[in-house]
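Okay, so here's the structure we're looking at.
Read the numbers this way: they start at 1 and go in the same order the structure lists the ligands and their atoms.
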Amino acid sequence: MTKDDCIFCKIGDREIPAEFLYRDDFVFAIRDIKPEAPVHILIIPFAHIVDLSSEPTERLHALGSLFSASTTLAKQLNVTESGYRLVVNQGPDSGQWVPHLHMHLLAGRPLSAIG
Ligand code: AMP
Ligand code: ZN
């Protein structure tokens, strides 16, 4: 999938309307269309980064923006104390569906343990 037919690029470029719960120079955040918890937010870089492994190692530090956005959103959504889970799916076995890097923020109910 190229940037031209990428759903997250279209949302980031405002070609498809969506409420931005947060935005900075690098990322924006929207509600997941199929929420798996009462709070299910996607934090998405404006840049069309396909996945973690496609990003050169020297540029990975820029992805810290995903984490800083997540702490701001958690405070905004009042889930810092109750807790939340951050998930990034990478590649076919993870179930990554949209080939544009994004971080899920899940909260609002007890989430089952991983592993
Ligand atoms: P992943 O499996 O990590 O690629 O997750 C992709 C997520 O994007 C899924 O949880 C979808 O429900 C969500 N999603 C797909 N299209 C949209 C959309 N137009 N607006 C909001 N969320 C979306
Ligand atoms: Zn994209």
Report, in ascending order of atom number, the atoms of ligand 1 lying under 4.0 Å from any heavy atom of [X].
X     : value
Phe8  : 8 (O)
Asn89 : 1 (P), 2 (O), 3 (O)
Lys34 : 12 (O)
Arg31 : 21 (C)

### Task
Assess the pair His102 and His100: is the distance between their ring centroids shorter than 6.0 Å?
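No, too far apart.
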### Message
Determine whether the aromatic ring centres of residues Phe28 and Phe46 are separated by less than 6.0 angstrom.
### Response
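Judged by ring-centre distance (under 6.0 Å), Phe46 and Phe28 do meet the cut-off.
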### Query
Short N/O distance, under 3.5 Å, between Val98 and ligand 1?
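Checking ligand 1 against Val98, an N or O pair does fall under 3.5 Å apart.
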### Task
Give yes if a backbone or side-chain nitrogen or oxygen of His40 is under 3.5 Å from a nitrogen or oxygen of ligand 1, and no if not.
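There is no such contact.
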Decide if atom [atom1] of [X] counts as having more than 12 heavy atoms of other residues, nucleotides or ligands within a radius under 6.0 Å.
X     : atom1 : result
Glu58 : CD    : yes
Phe67 : CZ    : no
Asp5  : CG    : yes

### Query
Any idea which N/O/S atom from His100 gets closest to the Zn ion (ligand 2)?
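Sorting the N, O and S atoms of His100 by distance to the Zn ion (ligand 2) puts ND1 first.
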So which heavy atom in the protein is nearest [atom], and how far is it from that ligand atom?
atom                    : result
atom 10 (O) of ligand 1 : Asp32 OD2, 2.5 Å
atom 1 (P) of ligand 1  : His102 NE2, 3.2 Å
atom 2 (O) of ligand 1  : Gly95 O, 3.0 Å
atom 15 (C) of ligand 1 : Trp97 CZ3, 3.4 Å
atom 20 (N) of ligand 1 : Ile33 CB, 3.8 Å

Counting only heavy atoms, which portion of [X] has something under 4.0 Å from ligand 1: side chain, backbone, both, or neither?
X      : result
His104 : side chain
Leu42  : side chain
Ile16  : neither
Val87  : neither

Flag the pair [X] / [Y] as yes when at least one side-chain heavy-atom distance between them is below 4.5 Å, and no otherwise.
X      : Y      : result
Val87  : Met103 : no
Phe8   : Ile16  : no
Leu63  : Leu52  : yes
Arg31  : His40  : no
His104 : Tyr84  : no

#### Entry: Short side-chain donor-acceptor distance under 3.5 Å, Asp51 and Ser53
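A pair is found: one side chain offers a donor N or O, the other an acceptor, under 3.5 Å apart.
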### Geometry at the Zn ion (ligand 2) - Cys9 SG versus His48 ND1 angle, rounded to 10 degrees
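Roughly 100°, rounded to 10°.
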